Amino acid sequence: MIGVTENLALIKDLLAKAALEAGREPESVRLLAVSKRQPLEKVLEAAAAGQQDFGENQVQEALPKIEQSASLGLTWHFIGRLQSNKTLKIAEHFDWVHSIERLKIAERLNAQRPAGKPPLNVCLQVNIDDEQSKSGLRPVDVPALAAAVGKLPNLRLRGLMCLPAIRSEFDEQRKPFRILRELAEYVSSDAIPLDTLSMGMSDDYAAAIAEGATIVRIGSAIFGQRK
Ligand SMILES: *Cc1c(COP(=O)(O)O)cnc(C)c1O
């Protein structure tokens with residue numbers, strides 16, 4: 001059976017190729033290994049192979065993994081739906097949150113971020129294809145929320161995240177990513193300098209990288225089928 005180490009090497013190679021084809025430095029694209037519903041052992045194997053960033057979408061499930069790998073200094077990203085009763089644990093244990101869509105939740109994370117920790121890195125999740133089944137705010141609402149979140153001292157607004165509808169053609173896949181990039185360029189300012197586009201998954205990472213993705217989120221292609 002092919003293991004996590006081999007999968008990681010293969011995916012990093014594919015991401016680097018996609019970056020070079022887009023005329024970008026491979027180092028400008030960060031791989032977020034989505035370890036939701038995967039056991040701690042696989043996280044440890046990936047970490048041993050040099051993987052730094054891990055993504056989870058359930059607080060309960062993530063906490064034991066975060067605690068049991070604490071000595072490794074990994075970077076943990078929350079990418080799931082945010083509920084008010086879970087914000088404390090997220091503020092305490094995560095380094096990034098990609099799924100901000102409401103000011104109320106951002107204010108709770110800001111208030112609950114422990115003193116002595118660096119600001120929590122956050123992205124606003126944009127419902128780029130206006131799908132009922134997906135979280136995220138409408139593009140038109142992004143500037144106002146960005147301005148408000150940008151004022152919270154214990155959060156650091158880094159950029160935007162999206163999860164577009166599935167498309168098979170490369171040129172079609174690029175469109176929602178281009179819109180997200182343009183939205184980020186529009187919102188970014190000296191006061192709120194955005195440096196992150198969290199976009200692209202297993203089937204559309206190349207299109208996302210062509211449009212400027214700085215974080216690509218990949219799970220099963222690294223870790224295998226989820227439980
Ligand atoms: C699960 C998940 C991924 C990774 O999905 P795979 O199909 O396993 O690559 C990426 N982004 C988000 C927001 C997810 O929830």
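As the structure lists them, so they are numbered: ligands from 1, and atoms in each ligand from 1. This is a predicted model, so every value here is computed, not measured.
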Verdict with supporting geometry, Arg181 and Glu185, salt bridge (Lys or Arg N to Asp or Glu O under 4.0 Å): CA-CA 6 Å; Arg181 171 170 54 78; Glu185 286 166 0; 3.4 Å; yes

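Rounding to the nearest 0.5 Å places CD1 of Ile128 at 11.0 Å from NZ of Lys134. Put simply, CG on Asp195 and CG on Leu157 are 9.5 Å apart, with the number rounded to the nearest 0.5 Å.
Between Trp76 and Asp95 the shortest heavy-atom distance is N-OD2, 2.7 Å.
Using a 4.5 Å cut-off on side-chain heavy atoms (C-beta onward), Arg158 and Trp96 make contact. Residues His93 and Glu67 are in side-chain contact: their nearest non-hydrogen atoms beyond the backbone lie under 4.5 Å apart.
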Could you tell me, for ligand 1, which of its N or O atoms are under 3.5 Å from any protein N or O, listing the pairs and their distances rounded to 0.1 Å?
| unit_1 | atom_1 | unit_2 | atom_2 | d |
| --- | --- | --- | --- | --- |
| ligand 1 | 8 (O) | Ser220 | N | 2.8 |
| ligand 1 | 8 (O) | Ser220 | OG | 3.0 |
| ligand 1 | 8 (O) | Arg226 | NH1 | 2.6 |
| ligand 1 | 8 (O) | Arg226 | NH2 | 3.3 |
| ligand 1 | 9 (O) | Ser202 | OG | 2.9 |
| ligand 1 | 9 (O) | Gly219 | N | 2.9 |
| ligand 1 | 11 (N) | Arg217 | NE | 2.9 |
| ligand 1 | 15 (O) | Lys36 | NZ | 2.7 |

